[in-house]
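All remarks here apply to the structure that follows.
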Number of protein chains: 2
Amino acid sequence: MTLQQIAVTSRSSETRLRILAATRSLLAMKGRRGTTTREIADEAGVNEATLFRQFGNKDALIDACVEHYCSTVELEELLASLDGDLERDLVRIAAALVQRMENVRDLIVMSLIEEESQGSVGEAAWRAPTAIKKIVAEHMAKRIAAGELAGNPLFLARFFMGMIFSYVMGRKRFPEEYAADPIAVIEFQVGMFLNGARKR
Amino acid sequence: MTLQQIAVTSRSSETRLRILAATRSLLAMKGRRGTTTREIADEAGVNEATLFRQFGNKDALIDACVEHYCSTVELEELLASLDGDLERDLVRIAAALVQRMENVRDLIVMSLIEEESQGSVGEAAWRAPTAIKKIVAEHMAKRIAAGELAGNPLFLARFFMGMIFSYVMGRKRFPEEYAADPIAVIEFQVGMFLNGARKR
DNA sequence: GGTCAGTGCAAGTACTTACTTGCATAACGC
DNA sequence: GCGTTATGCAAGTAAGTACTTGCACTGACC
């Protein structure tokens, strides 16, 4: 690869990013079929032909978009931030989960539509959340072993994840109801969860 | 209206039902834009022209479909089935919520897509669930007043609803994970909720 | 038997949309 | 200045899609 090619690639990769961003936002609003390539090009401030020259066709573009925004997340920092205090740890995990889920919220919704759930969206959208869910399950298992919590670690993890999931979706669909401080809501939810699962 | 018209109407109303059913199932799979009138007609075993003669245009058809499947639910029998036992009542409410939400699950998902949430789907899909949510909130208020539960009735109702919501969605998206007996899951969830909210 | 609404059928219209293509131009490294 | 590469522009193609229309048929009612 010559120096020229490198420079050229960097120019083109910038337009690629703009196209991906436009695709993403339109996809969230209108869905796969509702989004037209012309709209994407306009939103990205790019000619429609450029879009096809870069990605080949619409499907490949959407695949690239999904992959780009669902790249595997580094979760080491999350794990590193846990300090052993049950409630504090769960709040931190919940906060991370809320953040990652909101990042790909629209893609998650798309993955719930039957047609999309078989495509690339279905798997990719849940990558970060399921990774965190695994962490949660392991955490639960430890705490159960330590006698702090009671129940099945997988069930608890699912419950925990569902709690966050419904919060993220609720905030999107009913913003006026969920106007409260997110931290406070997270703490309330974790509190409910902890009371519910704590061994008594 | 002559007797002939009545008979005719009953014939046409049967085809209307078939069209509505077809619309619904395709809508769930492919979304508003992804569903074509030709597909609907084929699925309903009806000529495409009939579809337009009956409903005028595609939008009106979809509106009619949504309205038809989101008709207000009679909740008296639910209220009547409550007997004052906190846990048993909550299980019954949860079961009703699961059932109604699953009935309109696809429409609920559609209502989460930005474009649809302004249309007729957005409001109609949540009719039954919000009606039940109101019941839940009143129930919670009573139990809080009675000193059995602690917290804000609205928050509790939201939490309760979110719990069920995530279960219904989870069952759709990850059927293998949620293969367990629904009743058992509901009881588990209600148990978690109760422990979480119970005054201590 | 005659009437009439509801439907099937086939063809057609107007529009959108994914995708292409040929050419001019701008950016960049040499 | 020169070649290469990415892009803009404009026009076009092929397919799909919402919706229409005219005609023939059926089946219930009078």
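Hydrogens, waters and symmetry mates are skipped; everything else that's a heavy atom, side chains included, is used. In what follows, every chain begins at residue 1, and chains take the letters A, B, ... in the order their sequences are listed.
For the salt bridge (Lys or Arg N to Asp or Glu O under 4.0 Å) test, residues two or more places apart in sequence or in another chain that qualify with Arg127(A) are Glu67(A), Glu123(A). Residues that satisfy the salt bridge (Lys or Arg N to Asp or Glu O under 4.0 Å) test with Asp106(B), not counting sequence neighbours, are Arg24(B), Lys172(B). Partners of Gln189(A) by side chain to side chain donor-acceptor pair (under 3.5 Å), not counting sequence neighbours: none found. By the ring pair (Phe, Tyr, Trp, His ring centres under 6.0 Å) test, Phe188(B) is found to be paired with Phe155(A), residues two or more places apart in sequence or in another chain being considered. Under the side chain to side chain donor-acceptor pair (under 3.5 Å) criterion, Thr36(A) pairs with Glu39(A), sequence neighbours left out.
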Report, one pair per line, the protein and nucleotides 18-24 of chain C atoms (nitrogen or oxygen only) whose separation is under 3.5 Å.
{"from": "dA18(C)", "atom 1": "OP1", "to": "Thr35(A)", "atom 2": "O", "distance (Å)": "3.4"}
{"from": "dA18(C)", "atom 1": "OP1", "to": "Lys58(A)", "atom 2": "NZ", "distance (Å)": "2.9"}
{"from": "dA18(C)", "atom 1": "OP2", "to": "Thr37(A)", "atom 2": "N", "distance (Å)": "2.8"}
{"from": "dA18(C)", "atom 1": "OP2", "to": "Thr37(A)", "atom 2": "OG1", "distance (Å)": "2.8"}
{"from": "dC19(C)", "atom 1": "OP2", "to": "Lys58(A)", "atom 2": "N", "distance (Å)": "2.7"}

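When heavy atoms are screened at a 4.0 angstrom cut-off, Gly34(A) is found touching no nucleic acid atom at all.
Within residues 113-122 of chain B, no residue places a heavy atom under 4.0 Å from DNA chain D.
Regarding contacts with the backbone of dA6(D), every side-chain N or O of Thr50(A) stays at 4.0 angstrom or more from both OP1 and OP2. Look at Thr15(A) and you'll find a side-chain N or O under 4.0 angstrom from OP1 or OP2 of dT7(D).
Using a 4.5 Å cut-off on side-chain heavy atoms (C-beta onward), Val121(B) and Leu27(B) make no contact.
Contacts classified as salt bridge (Lys or Arg N to Asp or Glu O under 4.0 Å) and involving residues 43-57 of chain A (residues at least two apart or in different chains) are given here: Arg38(A)-Glu48(A). Applying the salt bridge (Lys or Arg N to Asp or Glu O under 4.0 Å) test to every pair with at least one member in residues 153-165 of chain B, sequence neighbours left out, gives these pairs: Glu177(A)-Arg158(B).
Atom P of nucleotide dT17(C) and atom CD1 of Ile62(A) are separated by 14 Å, given to the nearest angstrom. The distance from atom CZ of Arg16(B) to atom P of dG6(C) is 11 Å, rounded to the nearest whole Å. A straight line from NZ of Lys30(A) to P of dT17(C) spans 9 Å, rounded to a whole angstrom. Whole-Å rounding puts the Leu61(A) CG to dT17(C) C1' distance at 15 Å. Taking atom CD of Glu14(B) as the reference point, atom C1' of dT7(C) lies 12 Å away to the nearest angstrom. One interatomic measurement links the two molecules: CG of Leu51(B) to P of dC9(C), which rounds to 15 Å at whole-angstrom precision.
Using a cutoff of 4.0 Å between basic side-chain nitrogens and carboxylate oxygens, Arg32(A) and Glu115(A) are not scored as salt-bridged.
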